[in-house]
2 protein chains.
Amino acid sequence: MSITIKDVAKHAGVSIATVSRIVNNQPGFGKKTKEKVLKSIEELGYTPNAIARGLVGRETRTIGVLLPKVSGLFASKLLEGIETTARKEGYSVFVCHTDSKEDRSIQDLQVLKEKQVDGMIYASDQLSLAQGQLLEAMTCPIVFVSTQSLTHPFPYVKVDDYQAAYDGTSYLLTKGHEQIAFIGGEQDDLIAGKPRDKGFRQAMKDHGMPINEALMVYGDFRFQSGKKGLRQLLAAKTPFSAVFASSDEMAVGVLSEAYDKGISVPKDLAVLGYDNTMAAEMAIPPLTTIAQPLDDMGKQAVTLLLTIRENRGKAISNIEAEHEIVERKTVLLRKNTKGLFY
Amino acid sequence: MSITIKDVAKHAGVSIATVSRIVNNQPGFGKKTKEKVLKSIEELGYTPNAIARGLVGRETRTIGVLLPKVSGLFASKLLEGIETTARKEGYSVFVCHTDSKEDRSIQDLQVLKEKQVDGMIYASDQLSLAQGQLLEAMTCPIVFVSTQSLTHPFPYVKVDDYQAAYDGTSYLLTKGHEQIAFIGGEQDDLIAGKPRDKGFRQAMKDHGMPINEALMVYGDFRFQSGKKGLRQLLAAKTPFSAVFASSDEMAVGVLSEAYDKGISVPKDLAVLGYDNTMAAEMAIPPLTTIAQPLDDMGKQAVTLLLTIRENRGKAISNIEAEHEIVERKTVLLRKNTKGLFY
DNA sequence: ATTTAGTGAGTAAACGTTTACGTAAATGGG
DNA sequence: CCCATTTACGTAAACGTTTACTCACTAAAT
């Protein structure tokens, strides 16, 4: 088969222990020996076997990432941040695409455990009971990113969705909009769905605006559900001058549907997105949106993971990522205060 | 530490060989023993250690994927296809984000080799000499996807870019466009850049249309370079009624720039994209584009990889993926034959 | 009753490393 | 110049599996 440490040892006329020490830069060898060995390694084209290494040492320098969907701007941006810092720290990353299916993610967890990952980053949906138990039984550290567990105290890095939605809504309000429609995520999504809904409602309330339930609709964060959302809103025959969509994809969906219907954004309708993925930048017109620092969140997640690993799981500190409104072209300052739009 | 096969053996009062056989469903144990062992496994919560397994058997059930950029619709769609079929076949996938940097990808190759992957899928850019040598020295099978190596005979799965560009151009021509601008990829990109350029030129030629070099500009497949591309085209002061962009992102860039400039698509200008990523679907107006079956290509790539692995590297057969024009809203049948547009 | 095949199991050797321990030679202090 | 310490290595035992050999035992065939 391939060249092993033994071959190198034999070729250089030393023991395998010496070769190992030289490869790993541990003390205990002479200058001449080192040269000899290095030359043998070069000549034979030796590559250490990380599997064998992983067996004796107890680390594999590998982390697993669970994503509900790897295509899509959101997840892939996150993944990129994760991969980049992981590599910088000398780790490789396994991607697992759970497709929001519980059985899949349970299978993934199992596989990752068998493959002895040093840690896991969970960016999938809410935890089911079974998943939670599996995660708890995990021997490696786990951090959540862009989600969290309400039932289990796993550390997470995440923006404050409630606050972000509150701020976004306030922003729309200060721009003179009063009848604001809301397109949320799944209502039973306690992590990404509900808090944004709450933040929206609270901001409206705090500004003395009534909530019109006909202007509250819900989708699944994807493009098509944004289109559908606007259709529903229009069907409600209730005036509104702005819509706050809970994801950029949905926001772009409303842009698309508005275009189909001949509604001009931002003149007739203001649209605010959430995420600040590339979709926002590429949209026509460019989408004003609430930014989540996805790449940075990915970075933070692996940093946190590694820290926990070193500290042997002490202090579980969560990280609140900063949200921010990035203004582009879909929200205008509105002069007349009443929504005149059906 | 954690529960090993030894613990199970002791607990069940059998030898580790027996446990191994039962876990792996190999013959050589009685019904009662099986039950006993299964119960012990259950009780102790035993999970096999894939690392140890990988050391003795010679497979790790792991493949590596090298991508130039993991964020972005193109790569992530491909990755999704790869992950999905890999998992179906019982493999995990390492993602490596080379960022089109040669040193990074060389490092990745090294790491993947050390981690003993069973195969690699290369979807990054063109090969440098050093990379090619490294790949050749690899003991595991390698397949290229959506790219290929001109210098090394690695199997690939890929659409015929020349033909696809030829067909796309012909499509525009049959729609009545005569002055067609072209926004290509890097001109020195012999894989994704040049062939599309050639296909475009040949189609024009075959239809008796002259090529105006002022209408040939080049970008890097990204959104911003699409915007810039249209700006350059406009600056050339040469009439054209359609633009063929070599990627959806660039096409959306021209849509965006056209919007800024008040140019109406498709009325004043037709736009044809390439890839059929979600960006095409989400664009305003929805983008007519040449589809690459990205998810299927990912699937084919792992299937091919696994086949080669089984056949011990015999027959290296390439796979031509089918391209197809998907008509949406950015190309209209044009009545007057002359491009009237500056 | 004796041989022949099977079964159901155990023993031990791999797989390629790291590392605790041992030891001989080299170094240094007095 | 001798003893103590350090340095430079080698030996061998892990790490958790799989698997080639054994071997005892049962059941069928002679």
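Sequence lines set the chain letters: A, B, ... in the order given, protein chains first and strands last, and positions in each chain run from 1. What you are looking at is a predicted structure, and each value in this text was computed from that prediction instead of being measured.
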Taking the side chain as everything from C-beta on, heavy atoms only, tell me whether N49(A) gets closer than 4.5 Å to Q116(B).
yes
Over how many whole Å does the gap from K34(B) atom NZ to dT7(C) atom C1' extend?
16 Å
Could you give the CG-to-C1' distance, from D7(B) to dC15(D), as a whole number of Å?
13 Å
Taking atom C1' of dT19(C) as reference, at what distance in whole Å does atom CZ of F29(A) sit?
15 Å
Is R61(B) close to S92(B) at the side-chain level, that is, under 4.5 Å between some pair of heavy atoms?
no
Set out, line by line, the N/O atom pairs under 3.5 Å between protein and nucleotides 22-24 of chain C.
none

K6(B) NZ to dT11(C) P: how many Å, rounded?
13 Å
Just how far is it from atom CD1 of I121(A) to atom CG of L78(A), taken to the nearest 0.5 Å?
8.0 Å
Rounded to whole angstrom units, what separation is found between the CD1 atom of I22(A) and the C1' atom of dC9(D)?
10 Å
Send over the distance from K31(A) NZ to dT7(D) C1', rounded to a whole Å.
16 Å
Looking at residues 39-51 of chain B, who's got a heavy atom less than 4.0 Å off DNA chain D?
Y46(B), T47(B), P48(B), N49(B)
With heavy-atom distances below 4.5 Å as the criterion, would you say the side chains of F74(B) and S146(B) are in contact?
yes
More than 12 heavy atoms of other residues, nucleotides or ligands under 6.0 Å from CD of E322(B): is that the case?
no
Do E102(B) and S128(B) pair up side chain to side chain, a donor and an acceptor below 3.5 Å, judged on atom types alone?
yes
Should we say atom NZ of K113(B) is surrounded by more than 12 heavy atoms from elsewhere, each under 6.0 Å from it?
yes
Are Y156(B) and E320(B) close enough that some pair of their side-chain heavy atoms sits under 4.5 Å apart?
yes
State whether the number of non-hydrogen atoms from other residues, nucleotides or ligands found under 6.0 Å of K34(A) atom NZ is greater than 12.
no
G28(A) near the nucleic acid: base, sugar-phosphate alone, or nothing, with a heavy-atom cut-off under 4.0 Å?
base
Looking at S15(B), I'd like to know whether one of its side-chain N or O atoms comes within less than 4.0 Å of OP1 or OP2 on dG10(C).
yes
Non-neighbouring partners of L44(A) that pass side chain to side chain contact (heavy atoms under 4.5 Å, CB included), sequence neighbours left out:
I3(A), D7(A), V8(A), H11(A)
Protein-nucleotides 19-28 of chain D N/O pairs closer than 3.5 Å?
unit_1: dT19(D); atom_1: OP2; unit_2: Q26(B); atom_2: NE2; d: 3.2

Can you spot which of L112(B), V65(B), V70(B), L67(B) makes a side chain to side chain contact (heavy atoms under 4.5 Å, CB included) with C96(B)?
L112(B)
dG16(D), dA9(C), dT18(C): which one has an atom nearest the side-chain heavy atoms of T33(B)?
dA9(C)
With a 6.0 Å cut-off (strictly less than), is the heavy-atom count around NZ of K158(A), excluding the residue itself, greater than 12?
yes
Inter-axis angle, terminal five-pair segments of the helix from dA1(C)-dT30(D) to dG30(C)-dC1(D) [nearest 10°]
40°
Whole angstroms only, please: what is the NZ-C1' distance between K10(B) and dG16(D)?
14 Å
Can you tell whether the side chains of K39(B) and E35(B) come within less than 4.0 Å, N to carboxylate O?
no
According to side chain to side chain contact (heavy atoms under 4.5 Å, CB included), who are the partners of K101(A), at least two apart in sequence or on a separate chain?
D99(A), D103(A), R104(A)
Specify the separation, in whole Å, of atom CG of N25(A) and atom P of dA8(D).
14 Å
